[in-house]
Visitor: 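My structure is below; once you've seen it, I'll send some questions.
Chain letters run A, B, ... following the sequence lines, proteins first, then strands; residues in each count from 1.
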Amino acid sequence: MTETYRYIGKPIPRRDAVDIVTGAAEYMDDRKFPGLLHGKVLRSPYAHARIKKIDKSKAEALPGVKAILTWQDIPDYRGGTPRNVRILDSKVRCVGDAVALIAAETEEIAEEALELIDVEYEVLPAVFDIDSALKPGAPAVYDEYPDNILPGGTIIYGPNCLKGVVRGDVEKGFAEAEVIAEGTFGYENIPNAIPPESVGAVAQWQDPDKVTIWGTSQAPYMDKVTLFHVFNRDVDIRSIGSHVGGGFGTKIQCWQVEAYAILLSKAAKRPVKVAFTKEEHIANFVLRLGSRIHARVGMKRDGTLTAIQGTWYVDTGYYSFTTQAQVAIGSGELMIMAQCPNWDLKNHIVVTNRNASGSMRGFGGQELKCSFIPLLSLAMEKAGLDPFEVLKKNFVKPGGGYYWRDGVFYNFRGIDFSKAMDKGAETFGWKEKWKGWLKPTAVDGVKRRGIGVGVHGNADIGEDASEAYVQLGYNGTATIFLCVAEHGTGQKSNYVKMAAEVLKIPPERISMTPADTLVTPFEFGPVGSRGTYAIGSAVINAAENARQQLLEMAAPKLGVTADELDTADGVVFVKNDRAKGIKWRMMGNDRTILGYGRFEPDFTMCNMMMSFVEVEIDTETGKVDLIRVVNATDVGKIIDPQGLEGQLNACFGTAGIDSAIFEETILDRRTGHIVNANMIDYKWRTFSELPVIDHVVLETPFPSHRFHAVGVGEIATSPGPSAVLMAVSNALGTWMHEYPMTPDRVLKALGKIGSKASGKGGTK
Amino acid sequence: MTIKKKNQKRKPVSNSSTIHLTVNGQAYSLNIGSRPGEVETCHTLSHTLRETLGLTGTKISCDNGACGACTVIMDGKAILSCKTLTVECDGKSITTIEGLRDAETGGLDPLQQAFIDNTAFQCGFCTPGMIMTSKALLNENPHPTEEEVKEALSGNFCRCVSHYQVVRSVMSVADKGRQQ
């Protein structure tokens with residue numbers, strides 16, 4: 001690729017850099033509102049109970065309390081998928097489920113008032129995991145779903161939403177197989193992405209039916225859409241985004257906290273802020289899906305897959321908003337990494353009495369891979385195959401394809417990722433280190449090392465619609481109208497870069513509107529991996545559209561046709577005679593050129609990330625240390641080198657690799673309480689234990705937009721956990737079946753304490 | 001069940017007294033009391049900085065002393081402002097992220113510039129705390145080793161994983177100091 005760019009791929013400081021390092025960047029909680037009230041949520045101490053009576057009279061009498069709402073005070077507003085989850089209900093379904101909402105003059109008064117509300121509960125038996133929820137006669141979390149299984153499919157993915165993978169003839173596939181592995185593997189530690197900024201919202205109600213919300217959402221326009229439906233389509237919602245203190249996919253959906261603020265503002269007739277404490281954020285926002293697969297895999301001795309059959313059990317906690325979508329995406333993503341002609345992969349979405357699972361980077365696919373790759377490994381072990389070769393061989397290539405979320409089979413028109421995978425293996429030294437299945441790479445006294453590899457790919461690089469406007473200013477400037485809240489990827493700066501490249505004006509001459517649904521066109525938001533291709537395309541198209549209008553305006557003034565013209569640095573000129581030009585000023589200061597750009601969804605391409613990991617295990621203490629990581633990918637074209645590095649470094653955080661080593665949400669299965677809902681007891685990697693990380697990033701042009709790039713940041717976390725499970729199993733010489741591989745699991749596997757780690761899997 | 005956020009109960013204060021603070025070189029006198037603009041005995045320094053003085057550059061994340069987002073410098077030391085009661089800060093001198101720019105020129109502190117040059121942030125929420133912790137380290141130890149930088153920052157939570165770029169930034173300032 002010899003194309004030269006002015007700004008694309010160049011290390012240009014982020015536009016918000018000075019604001020961030022000086023503390024001027026404005027996050028939701030930094031905004032000031034005159035007359036602001038503070039909202040708090042009374043939460044259930046029980047995992048499952050009916051509310052028999054609520055007495056709020058004492059709390060209402062407390063000076064400074066402005067509004068108290070219970071389920072009896074609000075209409076039957078519902079969210080969730082299916083839309084069956086009331087904002088406040090007469091039943092609570094997990095510890096921490098909302099019972100009442102309070103708005104008061106100060107946070108302290110609101111907290112005091114919480115304690116003055118008397119609630120009489122009828123405690124019900126509860127279910128805390130897949131096994132107890134599916135047991136015949138188990139208590140039902142919802143009366144509507146007596147077997148605790150939610151219906152599959154989500155309306156937003158259309159009537160044929162992918163609900164599993166059925167293709168070819170699995171019996172034939174197994175008959176052709178030379179090895180068959182069967183087993184059960186789970187990724188059920190429900191880790192938490194924990195963005196540093198807790199979720200929250202300010203709402204300002206305006207009678208009779210308007211409300212403005214300032215949220216922590218990474219997709220402010222979708223807040224408007226979601227809340228519109230939650231409020232029965234009779235409230236006009238304006239949504240304004242701020243700087244977002246980390247999202248990691250979780251902040252796609254902040255509908256509950258936003259709904260609390262809206263209802264309280266409507267009741268109190270004042271602006272109300274509801275900001276979750278970190279404990280509420282961890283215990284009552286969103287966890288990863290609980291994932292368990294029981295399946296059979298058929299394979300030829302050369303690593304060709306012949307059949308995949310089984311059931312994926314997904315524990316969504318007390319309700320679902322995006323789980324059906326994650327099951328659809330996750331199933332499609334499994335096909336991307338496991339090109340196989342014969343499939344029968346079903347799933348069950350199970351509800352349980354714990355905090356909800358939902359959207360998080362890796363969006364279903366990470367959770368499924370973490371369960372599936374270990375099973376696939378059993379087959380590879382039986383066939384004596386190198387996992388790197390098998391994963392490379394079975395990843396989708398031109399000529400291959402997959403079902404995607406709408407139930408349609410897509411022929412893949414992306415690139416062959418084998419080159420990036422090979423380069424990654426070379427950088428890691430895979431061939432030298434690989435000693436065979438269940439064999440350590442090195443043993444040194446009580447220390448053993450092992451290696452593993454995982455892979456992930458996501459066709460949501462082109463999911464959902466995006467729209468943008470680009471307005472040109474007569475003095476050689478431009479403004480991008482786009483509903484994107486900067487949540488850390490640096491994409492807002494990248495959209496400016498893209499527009500700057502199209503218009504050939506310096507990025508400093510381009511402004512961007514705040515993310516405000518009153519000002520901008522529709523935007524699904526920078527979620528999944530769609531930021532670069534989908535949103536980028538909308539901005540590029542808008543800039544190109546504006547540019548074309550400009551050239552057409554200039555053409556008669558220069559006596560040529562528009563296609564003979566180009567523009568750079570605020571001047572339109574004749575391509576063959578650069579001396580013949582006219583400044584953008586020719587448009588006059590009383591005219592607006594407004595370009596419109598739209599991206600239509602395109603599911604025909606995916607991204608790819610392969611992670612190689614090396615771990616060292618102390619067989620005396622059972623501690624697993626992450627020694628080295630190499631991530632390999634191909635992004636088509638690097639837009640922002642430093643931002644990309646940051647995104648890829650993220651592989652261990654946000655419930656990524658470390659969810660295989662120590663990150664977990666610990667649920668007390670007697671009471672349903674999450675016992676580590678704080679940042680001391682929920683473990684996270686510190687500066688003192690940073691592994692050596694290298695990234696292999698190739699730039700093979702994609703047929704995406706004019707810069708040939710695709711997004712990849714989202715999936716940095718996804719291939720790592722299963723690679724760690726493989727590495728630990730190899731180091732220990734025995735299969736691990738559960739995450740995370742904490743010292744007690746390791747010591748159990750070594751036979752040093754208790755019984756051997758639960759051996760649910762097996763080969764035949 | 002969630003842990004209650006505030007460790008202290010609200011106590012009505014009858015006999016109003018005053019706390020004197022210097023924040024970013026500016027002297028403040030704050031009355032102790034429960035009226036708007038006053039400091040309640042349960043108020044943390046982070047709360048006072050953000051809500052009473054309007055200095056929202058200091059971030060609150062865990063509000064429980066675990067994550068370092070609220071780090072400010074008090075009398076030369078990095079402290080967790082969420083675990084410090086304002087009533088205990090009488091006579092103290094505090095520097096927040098807003099106070100790092102050169103008071104006369106308005107220029108960025110070399111550490112702030114290094115964070116920009118190395119894109120040592122993603123979402124940026126932990127950045128003020130990271131910079132204040134690093135600043136306190138460099139004040140005490142102008143030429144730290146990489147290990148010392150990591151040790152100093154080990155109480156600062158960054159979920160986007162900008163750690164590597166943060167270490168690079170701090171080391172670039174430390175090395176510059178060493179050359180001089």
Visitor: Would you say NZ of B:K77 has more than 12 non-hydrogen atoms from neighbouring residues, nucleotides or ligands within 6.0 angstrom?
Guide: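 Open: at most 12 neighbouring heavy atoms sit under 6.0 Å from NZ of B:K77.
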Visitor: Side chain, backbone, both or neither: which part of B:S162 has an atom under 4.5 Å from a heavy atom of chain A?
Guide: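 Neither part.
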Visitor: If I measure from the heavy atoms of chain A, does B:V166 come under 4.5 Å with its side chain, its backbone, both, or neither?
Guide: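 Contact with chain A: side chain only.
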Visitor: Using a 4.5 angstrom heavy-atom cutoff, name the option from B:C160, B:G155, B:G57 with the most pairs to chain A.
Guide: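 Result: the option with the highest number of such pairs is B:C160.
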Visitor: Output yes when a side-chain donor or acceptor of A:E197 lies under 3.5 Å from a complementary backbone atom of B:F125, and no otherwise.
Guide: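 No, the answer is negative, given that no donor and acceptor are paired below the 3.5 Å cut-off.
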Visitor: Which heavy-atom pair separates A:I20 from B:G124 by the least distance, and what is that distance?
Guide: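 Looks like CG2-CA, 3.8 Å.
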Visitor: Just so I understand: if I count every heavy-atom pair under 4.5 Å between each of A:G23, A:G646, A:S688 and chain B, which residue has the most?
Guide: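 Of A:G23, A:G646, A:S688, A:G646 has the most heavy-atom pairs under 4.5 Å with chain B.
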Visitor: Among the options A:T686, A:N649, A:T489, pick out the one with the most heavy-atom pairs lying under 4.5 Å from chain B.
Guide: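 Going by pairs under 4.5 Å, I would pick A:N649.
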Visitor: Determine, step by step, whether B:N64 and A:E279 satisfy the side chain to side chain contact (heavy atoms under 4.5 Å, CB included) criterion, reporting the C-alpha distance in whole Å, the side-chain angles of both residues, the deciding distance to 0.1 Å, and the verdict.
Guide: CA-CA 10 Å; B:N64 195 26; A:E279 289 75 19; 4.1 Å; yes
Visitor: With a 4.0 Å cut-off on N to O distance, would you call A:D29 and B:R50 a salt bridge?
Guide: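 A salt bridge is present here (some side-chain N lies under 4.0 Å from a carboxylate O).
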Visitor: Assess whether side chain to side chain contact (heavy atoms under 4.5 Å, CB included) is satisfied between B:T56 and A:Y27, documenting all intermediate values.
Guide: CA-CA 9 Å; B:T56 53; A:Y27 299 81; over 6 Å; no
Visitor: Out of B:T119, B:I116, B:D117, which residue meets the side chain to side chain contact (heavy atoms under 4.5 Å, CB included) rule with A:P13?
Guide: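 With A:P13 as partner, side chain to side chain contact (heavy atoms under 4.5 Å, CB included) holds for just one option, B:I116.
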Visitor: Please find the pair of heavy atoms, one from B:C62 and one from A:M679, that lie closest to each other, and give the distance.
Guide: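 Closest heavy-atom pair between B:C62 and A:M679: CB-SD, 3.8 Å.
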Visitor: Distance only, no hydrogens: is a donor on one side chain within 3.5 Å (strictly under) of an acceptor on the other, for A:Q642 and B:Q165?
Guide: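 Looking only at side-chain atoms, B:Q165 and A:Q642 do not form any donor-acceptor pair under 3.5 Å.
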Visitor: At a heavy-atom separation under 4.5 Å, does A:Y682 approach chain B through its side chain, its backbone, both, or neither?
Guide: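 Just the side chain, heavy atoms under 4.5 Å.
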Visitor: Just verifying a value: how many Å separate A:E107 CD and B:E51 CD, rounded to the nearest 0.5 Å?
Guide: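 That separation rounds to 7.5 Å.
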Visitor: Report the C-alpha distance between B:K150 and A:L690 in whole Å, list the side-chain angles of each, state the deciding distance to 0.1 Å, and finish with yes or no for side chain to side chain contact (heavy atoms under 4.5 Å, CB included).
Guide: CA-CA 9 Å; B:K150 288 178 177 173; A:L690 297 180; 4.2 Å; yes
Visitor: So which part of A:Q647 gets closer than 4.5 Å to some heavy atom of chain B, the side chain, the backbone, both or neither?
Guide: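 Its backbone and side chain both get close to chain B.
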Visitor: Could you look at A:S198 and say if it's the side chain, the backbone, both or neither that has a heavy atom under 4.5 Å from chain B?
Guide: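 Looking at A:S198, just its side chain touches chain B.
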Visitor: I'd like to know if the side chain of B:S61 reaches the main chain of A:P196, judged simply by a donor and an acceptor atom lying under 3.5 Å from each other, with no hydrogens or angles considered.
Guide: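 Yes: the side chain of B:S61 pairs with the backbone of A:P196.
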Visitor: CD of A:E111 to SG of B:C42: how many Å apart, nearest 0.5 Å?
Guide: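 Reported value, rounded in 0.5 Å steps: 8.5 Å.
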Visitor: Considering all heavy atoms of both residues, which atom of B:C123 and which atom of A:V244 are nearest to each other, and what is their separation?
Guide: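 Of all heavy-atom pairs spanning B:C123 and A:V244, the closest is CB-O, 3.5 Å.
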Visitor: Is A:P641 in contact with chain B via its backbone, its side chain, both, or neither, using a 4.5 Å heavy-atom distance?
Guide: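 The answer is neither part of A:P641.
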Visitor: Are A:T22 and B:L100 side-chain neighbours, meaning at least one heavy-atom pair lies under 4.5 Å?
Guide: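 Answer no - side chains too far apart.
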Visitor: Rounded to the nearest 0.5 Å, how far apart are CE of B:M130 and CZ of A:F687?
Guide: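 Separation between the atoms: 4.0 Å.
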Visitor: Say whether, by atom type as modelled, one donor and one acceptor occur between the side chain of A:E108 and the main chain of B:H43 under 3.5 angstrom.
Guide: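 Here the side-chain-to-backbone pair does not exist.
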Visitor: In Å and rounded to the nearest 0.5 Å, what is the CG to CG distance from A:D30 to B:L55?
Guide: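 Output value for this atom pair is 11.0 Å.
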Visitor: Short question: side chain of B:R159, backbone of A:A193 - any donor-acceptor pair under 3.5 Å?
Guide: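 Checking the backbone N and O of A:A193 against the side chain of B:R159, a donor-acceptor pair under 3.5 Å is found.
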Visitor: Measure distances from A:V18 to the heavy atoms of chain B and classify the residue's part below 4.5 Å as side chain, backbone, both or neither.
Guide: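 Both backbone and side chain.
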Visitor: Sort A:Y46 into side chain, backbone, both or neither according to what part of it lies under 4.5 angstrom from a heavy atom of chain B.
Guide: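 Neither the backbone nor the side chain of A:Y46 comes within 4.5 Å of chain B.
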Visitor: For A:E645, is there an ion pair with B:R168 - N to carboxylate O distance below 4.0 angstrom?
Guide: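 Salt bridge between B:R168 and A:E645, a charged N being under 4.0 Å from a carboxylate O: yes.
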Visitor: Shortest non-hydrogen contact from A:A25 to B:K59?
Guide: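 So the minimum-distance heavy-atom pair works out to O-NZ, 3.9 Å.
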Visitor: Charged N to carboxylate O under 4.0 angstrom, A:E105 versus B:R35?
Guide: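 Salt bridge absent between A:E105 and B:R35.
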